[in-house]
Amino acid sequence: MQDSIETSQAVLRPPDQAGVAEPPGESPGSQTPMIVFDDVTKVYEPSVVALEGASFTIETGEFAFLVGASGSGKSTLLRLILKELEPTSGRVIVGGRELGRLKKKLIPKLRRNVGCVFQDYKLLPRHTAYENVAYALKVQGIPRREIRQRVPEVLSMVGLAKKMSSFPTELSGGEQQRVSVARAVVNGPPLLICDEPTGNLDPDTSVGIMQLLYRINMLGTTVLMATHDREMVDKMRRRVIALERGQVVRDERRGGYRAIEE
Amino acid sequence: MRTKLFFSEAFRSLSGNISTTVAATLTVLIGMFLLGMFIALGSWVLSWSDQVEGQLEVRVFFEQDATPNQINRVGDQLVALPQAESIAFVSSADALDRMEQEFPELVANLSSNPLPDAFEIKPGSASDVEVIAAALEPVPPGVESVTFPREVTERVREVASVIEFVFLAAAVILLIASTILIANTIRLSIFARRREIEVMKLVGASNWFVRGPFMLEGLICGLLGSISAIVLLFLGREFALPKLIPPAIGGDSGVSAWSFELVALIILGVGLLLGAAGAGITLRRFLRV
């Protein structure tokens with residue numbers, strides 16, 4: 001058991017920087033970049049171009065927004081990082097590993113090191129908040145004692161200490177999204193990707209989720225977040241990568257939702 | 001530890017989807033009940049046709065003045081035939097005894113024994129009757145005649161081969177049909193939960209981790225279904241069958257189906273296999289996330 005955890009960590013995180021918190025927003029040049037897209041094109045059969053020649057690098061510890069209209073290729077890009085899809089051409093490198101060369105067998109290990117948060121939460125409906133978070137640890141064969149300790153910890157971090165035994169249907173949208181964030185980070189993954197995590201939430205709740213993600217980023221996790229939430233992007237002033245019809249049209253260190261406003 | 005998790009996940013979804021659990025179990029139940037009836041009926045019919053075949057025999061009658069030498073020579077010839085399963089010598093005295101038992105008033109009036117010495121040869125199978133008869137052609141010295149039930153032989157052989165074919169074909173069709181039926185039920189249940197499977201895969205569950213509980217579910221449905229089928233078959237055999245078939249037919253004729261234990265074992269094995277394999281194979285399509 002212990003063995004498999006060790007190797008699963010090794011997929012993404014070089015041993016020397018395991019657990020080391022990076023200051024948010026900084027990009028230390030010497031480290032392995034977290035995500036590298038090298039001229040990536042994805043064409044859906046027969047001829048829908050979802051992503052065209054996308055190239056960018058996200059450094060370890062960064063917080064980056066991915067903006068663009070629906071259908072601009074944001075979700076495709078995120079799914080490429082999870083190796084849910086294969087690029088038609090180009091290379092996707094996550095944590096120093098080129099995904100095109102990653103064996104199918106190792107995909108589960110990759111995903112354990114990339115936390116995901118989705119617009120529709122994607123919680124297991126018949127499992128309580130506690131069990132949903134625990135599931136992410138169980139799939140790695142982590143000992144039960146450790147699970148009993150880590151799950152309540154992370155659930156209190158997201159502010160759900162009192163709702164651990166509630167089922168998803170008994171929770172509000174914001175609470176469900178908190179469970180989903182807790183599940184995404186309970187492994188301590190070096191990378192967290194979020195696909196419009198605030199898309200279904202009211203503005204106040206969204207701010208809560210954003211603060212949560214910000215805190216997670218402060219603890220050293222690289223965060224890549226696809227969003228439509230203009231206010232949030234403008235307020236945060238973080239790195240913004242803008243997609244338009246599958247192409248990276250803008251990439252700013254401290255950008256806003258729209259280029260014109262700059 | 002993992003087994004424990006698999007069991008808890010499997011029971012959780014079994015009780016969470018009562019209707020699909022019931023549907024899958026009933027499907028297995030029906031399939032296995034039919035299979036069980038079928039095996040019992042089929043093996044009974046096969047045993048019956050074996051029995052009838054076993055009653056066929058070739059008889060070699062000797063002339064009244066046949067010498068022991070001639071009789072021995074024919075006997076040797078018969079022993080050398082691989083098709084002859086058993087050979088019995090019935091002397092004229094034996095034959096008379098036999099007749100006396102069956103028709104005492106006929107024998108009482110006889111002044112001398114008119115019955116010849118004879119060999120009765122039982123063939124290995126119905127089709128061998130003619131081979132044995134042909135081996136004694138032309139009739140050896142001392143032999144009066146060779147008789148065998150020509151028409152009956154042919155009829156029995158035809159019926160037996162038809163029965164064997166029908167039995168096999170129906171067994172295959174039944175198995176295919178119940179496999180498809182079970183796979184379909186399982187597919188519905190899995191389809192209803194494909195989002196769940198997607199989530200499991202996205203949190204980094206390996207294929208086996210997702211598949212385990214589902215296959216266990218299939219196994220449990222298979223187990224429940226086949227056990228109920230066995231119980232139903234047992235009740236049917238104990239209570240319904242004696243009323244349908246008078247004991248005279250089912251009784252001591254030496255014709256019998258395969259033992260109930262064997263049929264039950266087959267049903268259990270097939271039911272479990274169908275459940276687990278059905279779930280495992282169906283899942284493959286949904287695991288490609």
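Each chain gets a letter, A, B and so on, in the order the sequences are listed, and its residues count up from 1.
- The parts of B:Arg12 that come within reach of chain A are both its backbone and its side chain, each placing non-hydrogen atoms under 4.5 angstrom from that chain.
- Between A:Leu213 and A:Leu192 the shortest side-chain heavy-atom distance falls below 4.5 Å.
- In terms of non-hydrogen atom pairs under 4.5 Å with chain B, the most contact-rich of A:Ala184, A:Gly115, A:Pro125 is A:Pro125.
- In this structure, chain B has a heavy atom under 4.5 Å from the side chain of A:Asp120, while its backbone stays farther away.
- One finds the OG1 atom of A:Thr76 at 9.0 Å from the CG atom of A:Leu78 (value rounded to the nearest 0.5 Å).
- No cation-pi contact links B:Arg211 to B:Phe214, judged by a cut-off of 6.0 Å to the six-membered ring centre and 45° from its axis.
- In summary, of the residues considered (A:Arg150, A:Arg148, A:Arg144, A:Gln149), a side-chain hydrogen bond (donor to acceptor under 3.5 Å, both in side chains) with A:Glu146 occurs for A:Arg150 alone.
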